[in-house]
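Scroll down for the structure; my scribbles are underneath it.
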Amino acid sequence: MPIILIPIVIFALYRFEKWLFGNFWDKGLMARLDFVEEAVNEGDKAHLQEVITNRNFLPLHILQVSFQTDKGLEFSDGTNSSVSDRVNVTDVFSLGLYEKITRRLELDCRKRGYYSILKTSLKASDLFSPDIRYNTFEQHTNLYVYPAPLSVSKTEVPFRQLMGDVLSKRFLYEDSFTFRGIRDYSRTDPQNMVNWKATAKTGDLKVNLHDHTSSQDVKFILNVDEPGILFERELLEDCIRLTMSLAGRFISENVPVSLLTNGRDKVTGENISLMAGASSLHMVSVKRALARIDLEKTTPNSMAEIVEREVANVDIENTTFCYISTTRGDDSLKAAGLLAQKAGKLLWLCPLTKDMKQERPADSKIDFKVVIHE
């Protein structure tokens, strides 16, 4: 071959390789990200699994995989991550022909929240060209980080007080389908309770006893309005943690729990409201609802307006209210006053720091209790 043809052949091979890589580099290339855990508690560790598959005859010597998620997840040492308004992560892979690589990243879940990864960006280049190729893959993986449960010492007093209200207000009615026993007749007993067979056998009037069923539930009213310009965001998080911890204790005692808050759902953007329930699945719903409260989103309605609509429709005989708010502004006081007026009395739990003033509402129907943030 004449020497003059060698550069031509090299240039032709370079152009062919550039064309081949440019048109086929991402054929059969897949990137999939999945949170290993579906849900963890605030402060726990979680894991993110990356699976990169190259079902192609072209090797990828340098492949950068990038994705973003919300702040609150901290990646372990060794992961190339940076934090701005979001957490940005970049991993570098080298894949051979028809190769699959699985990598697991460890996360510290420092903050309550609902975390999603919706897109992965891929960037690759070959060995002989400075050109960079790009592609994206849709991702649908989510992680719930539930609020950290508070210690029993912080919830014991309000739990016992609320439980006492539940027991004292409990509206009991007899269930005619459950038979518990027989007792002597009393002048206040209706005739349809008389057990005529037992009466004939003993010669004295006897009546049937039935079990009782309770429809009493506890409704948590959670206010996440900011107290002012300078405040500790952790006080709002304490309100959320307190709500979850108390809800869990009542559900463990088979007392139905409902939730109303002016906090907005991170996904739907709507104010969160949950009907009453006492099952383990309902507790999961409560945890998820609280995890998805986005404190960056403001609600168009005041807390007093939300409460006013609520008390107009609530069955007060079967409901015990618990108001949780670190905010003590005019709107918060009005909301608490509406609840106290409707129910006759109200327990207000207010997370504060040790150095904050503990001024109590003037309304005598409001039992104001401070929960100190540590």
**Item:** CG (N23) with more than 12 external heavy atoms under 6.0 Å
**Value:** yes
**Prompt:** Is atom NZ of K111 surrounded by more than 12 heavy atoms (other residues, nucleotides or ligands) closer than 6.0 Å?
**Reply:** no
**Message:** Enumerate the salt bridge (charged side-chain N to carboxylate O under 4.0 Å, His left out) contacts for residues 282-297, please, sequence neighbours excluded, ordered by first and then second residue.
**Reply:** E38-R288, R233-E296, D265-R292
**L222 and its side chain to side chain contact (heavy atoms under 4.5 Å, CB included) partner, picked from L260, I240, L349** = I240
**Message:** Under a 3.5 Å cutoff, is there a donor and acceptor pairing between the side chains of H373 and E234?
**Reply:** no
**Asked** Does a salt bridge link R160 with E156, judged by any charged N lying under 4.0 Å from a carboxylate O?
**Response** yes
**Prompt:** Do other residues, nucleotides or ligands put more than 12 heavy atoms under 6.0 Å from R86 CZ?
**Reply:** yes
**Message:** With a 6.0 Å cut-off on the ring centroids, do F321 and F220 count as close?
**Reply:** no
**Message:** Under a 3.5 Å cutoff, is there a donor and acceptor pairing between the side chains of N262 and N223?
**Reply:** yes
**Backbone N/O of S302 and side chain of E305: donor-acceptor pair under 3.5 Å** = yes
**Request:** Using a strict 4.0 Å threshold on nitrogen-to-oxygen distance, state whether K365 and D363 make a salt bridge.
**Result:** no
**Request:** Check whether any side-chain N or O of T141 sits under 3.5 Å from a backbone N or O of F35 as a donor-acceptor pair, and report yes or no.
**Result:** yes
**Asked** Transitive ILVMFWY cluster of V152 at side-chain heavy atoms under 4.5 Å: who else is in it?
**Response** none
**Request:** May I ask you to check if R360 and F368 form a cation-pi contact, with NZ or CZ under 6.0 angstrom from the six-membered ring centre and within 45° of the axis?
**Result:** no
**Request:** Test the K266-Y115 pair against the cation-pi criterion, namely NZ or CZ under 6.0 angstrom from the six-membered ring centroid and within 45° of the ring axis.
**Result:** yes
**Prompt:** Cationic tip of R112 within the cone over Y146's six-membered ring, i.e. under 6.0 Å and within 45° of the normal?
**Reply:** no
**Prompt:** Salt-bridged, K334 to D331, with N to O below 4.0 Å?
**Reply:** no
**Request:** Taking atom types as modelled, find out whether S66 and T90 have a side-chain donor-acceptor pair closer than 3.5 angstrom.
**Result:** yes
**Prompt:** Have Q139 and T120 got a donor and an acceptor in their side chains that come within less than 3.5 Å?
**Reply:** yes
**Request:** Would you tell me whether N54 and E99 have side-chain atoms, one donor and one acceptor, within less than 3.5 Å of each other?
**Result:** no
**Request:** State whether the number of non-hydrogen atoms from other residues, nucleotides or ligands found under 6.0 Å of I62 atom CD1 is greater than 12.
**Result:** no
**Message:** What's the separation between atom CG in L60 and atom CG in L29, rounded to the nearest 0.5 Å?
**Reply:** 6.0 Å
**Message:** Under 4.0 Å between a side-chain nitrogen and a carboxylate oxygen: does that hold for K219 and D217?
**Reply:** no
